[in-house]
Amino acid sequence: MALDTGLVEWVREALAPIGTVTMRRMMGGATLYCDGTVFAILAFDELWFKADAESDAAWDAAGADRFTYDAKGRTIVMNYRRAPADAYDDADTLREWSVLAIGAGRRAPPRKARKKD
């Protein structure tokens, strides 16, 4: 699956007023950062925003599905929510949801370093 670089550029341009968006590729998708804070992923040609217990009510009210995938016979649920449809063509809407996601990213506990074998 190829990464939709047009979507990455749209996010970068739309979020320029609030920060610098960078990305790191991962398994056919990408992790998006705003000024170093993880706030979204691109997977399956869709934008998924970081969420947490504090922001879940807003995502639920918007009907934003949770990001899930199947691995080794079980369903994995991650703290990311599908971007509302209007975020793909309205920069103000994209920024509003991004600010919510950036907040969730800032509240997330730091990741533990992986042990090297």
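- Across Asp90 and Thr93, no two heavy atoms sit closer than the pair OD1-N, 2.9 Å.
- Between Arg106 and Asp35, no side-chain nitrogen of the basic residue sits less than 4.0 Å from a carboxylate oxygen of the acidic one, so the salt-bridge criterion is not met.
- Within the 4.5 Å cutoff, no side-chain heavy atoms of Met23 are placed close to those of Val11.
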side-chain contact (heavy atoms from CB on, under 4.5 Å) between Tyr80 and Phe49, worked out
CA-CA 5 Å; Tyr80 288 89; Phe49 287 116; 5.8 Å; no
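- Follow the hydrophobic side-chain contacts under 4.5 Å out from Tyr69 and you reach Val38 in the same cluster.
- Inter-residue side-chain proximity for Glu46 and Tyr88 is flagged as met; some heavy-atom pair is nearer than 4.5 Å.
- Without hydrogens or angle criteria, Trp97 side chain to Ala83 main chain gives no donor-acceptor distance under 3.5 Å.
- Within the 4.5 Å cutoff, the side chain of Ile41 has heavy atoms near those of the Phe67 side chain.
- Counting heavy atoms from C-beta on, the side chains of Asn79 and Asp56 never come closer than 4.5 Å.
- Under the 4.5 Å side-chain criterion, counting only non-hydrogen atoms from C-beta, Arg66 is not in contact with Met78.
- By the 6.0 Å contact criterion, CZ on Arg24 is open, its count of non-hydrogen atoms from other residues, nucleotides or ligands being 12 or less.
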Can Val99 and Ile18 be said to form a side-chain contact (heavy atoms from CB on, under 4.5 Å), step by step?
CA-CA 9 Å; Val99 167; Ile18 63 171; 4.0 Å; yes
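- Contact record, Asp52 with Ala104: OD2-CA, 3.5 Å, taken as the closest heavy-atom pair.
- Using a 4.5 Å heavy-atom cutoff, the side chains of Ile76 and Thr68 are not in contact.
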Step by step, would you call Leu100 with Trp59 a side-chain contact (heavy atoms from CB on, under 4.5 Å)?
CA-CA 9 Å; Leu100 190 65; Trp59 296 111; 3.7 Å; yes
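- Put simply, the side chain of Arg12 never gets that close to the backbone of Thr22: no donor and acceptor are under 3.5 Å apart.
- When atom types are taken as modelled, the side chain of Arg82 and the backbone of Asp65 share no donor-acceptor pair closer than 3.5 angstrom.
- Nearest heavy atoms, Leu42 versus Val8: CD1-CG2, 3.1 Å.
- Ala108 and Lys50 get closest at one heavy-atom pair: CB-CE, 4.0 Å.
- With rounding to the nearest 0.5 angstrom, the CD atom of Glu96 is 8.5 Å from the CG atom of Asp86.
- Residue Ala14 comes nearest to Ala91 through the heavy atom pair CB-CB, 4.0 Å, listed as atom of the first residue, atom of the second, then distance.
- A side-chain donor-acceptor contact under 3.5 Å links Ser98 to the backbone of Leu94.
- Here CG of Leu32 is found 9.0 Å from CG of Leu15. Values are rounded to the nearest 0.5 Å.
- Counting only heavy atoms from C-beta outward, the side chains of Arg107 and Ser55 approach each other to under 4.5 Å.
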